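These notes are about the structure you will find just below.
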Amino acid sequence: MPTRLYRFHCTDGHDLVVDLRGRRVPTVALMRLHAEQVALDLMARGARIDWSAWHVEVYDEKGRAVLAKAFTDVRYDRRAGRD
């Protein structure tokens, strides 16, 4: 199954966490799950920060925006596997 490279950047419009390496994933569904995991991991590392204005932006290998998701819309599902 072919994989596509995506970069998962996080921002609140002022600060930016840049994904320089990116990640290859085989499906759009897995890309969406990984975007949520990126947001969850960042929130776990900076627990005292107000995350309400933050969102994760996903770009394909050509630099096109393919997804933007607010951190406040990310839901942790204990049944979902972590990679």
Side-chain angles (χ1 to χ4, degrees):
M1 180 180 301
T3 61
R4 294 189 179 180
L5 178 69
Y6 296 99
R7 287 190 167 73
F8 301 82
H9 307 306
C10 298
T11 186
D12 66 352
H14 300 284
D15 294 310
L16 176 65
V17 178
V18 178
D19 176 5
L20 296 175
R21 290 185 349 192
R23 179 163 183 132
R24 291 195 173 274
V25 293
T27 66
V28 171
L30 288 174
M31 177 267 294
R32 290 177 184 274
L33 284 174
H34 186 69
E36 289 195 3
Q37 191 59 57
V38 166
L40 289 168
D41 289 347
L42 188 57
M43 287 187 282
R45 286 187 278 159
R48 296 178 189 248
I49 296 174
D50 176 10
W51 297 107
S52 62
W54 282 78
H55 56 278
V56 57
E57 298 175 344
V58 183
Y59 294 85
D60 68 11
E61 51 197 318
K62 292 183 179 179
R64 296 177 296 209
V66 295
L67 175 72
K69 185 156 191 164
F71 279 25
T72 54
D73 292 337
V74 172
R75 302 289 182 253
Y76 179 69
D77 183 351
R78 292 185 186 275
R79 294 171 292 157
R82 298 183 86 175
D83 43 325

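All heavy atoms count here, side chains included; hydrogens, waters and symmetry mates do not. Please read all numbers here as calculations on a predicted model, not as lab measurements.
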Can you tell if the side chain of Val38 reaches within under 4.5 Å of the side chain of Arg23, non-hydrogen atoms only?
-> no

Grab the two heavy atoms, one from Phe71 and one from Met43, that are nearest each other, plus how far apart they are.
-> CD2-CG, 3.5 Å

For Ile49, what residues pass the side chain to side chain contact (heavy atoms under 4.5 Å, CB included) criterion, not counting sequence neighbours?
-> Trp51, Trp54

Salt bridge (Lys or Arg N to Asp or Glu O under 4.0 Å): which pairs involve residues 42-61, sequence neighbours left out?
-> Asp60-Arg64

So which heavy atom on Ala35 is nearest to which on Leu67, and how close?
-> CB-CD2, 3.9 Å

Is Tyr59 linked to Val56 within one hydrophobic cluster, defined over Ile, Leu, Val, Met, Phe, Trp and Tyr using a side-chain heavy-atom separation of less than 4.5 Å?
-> no

Just list the side-chain donor-acceptor pairs under 3.5 Å for residues 5-13, sequence neighbours left out, or say none.
| unit_1 | atom_1 | unit_2 | atom_2 | d |
| --- | --- | --- | --- | --- |
| Arg7 | NE | Leu20 | O | 3.4 |
| His9 | ND1 | Asp19 | N | 3.0 |
| Thr11 | OG1 | Gly13 | N | 2.9 |
| Thr11 | OG1 | Asp15 | O | 2.7 |
| Asp12 | OD1 | His14 | N | 2.8 |
| Asp12 | OD1 | Asp15 | N | 2.7 |

Between atom NE2 of His55 and atom CG of Asp73, what is the distance when rounded to the nearest 0.5 Å?
-> 11.5 Å

How many angstroms lie between atom CZ of Arg4 and atom CG of Leu30, to the nearest 0.5 angstrom?
-> 13.0 Å

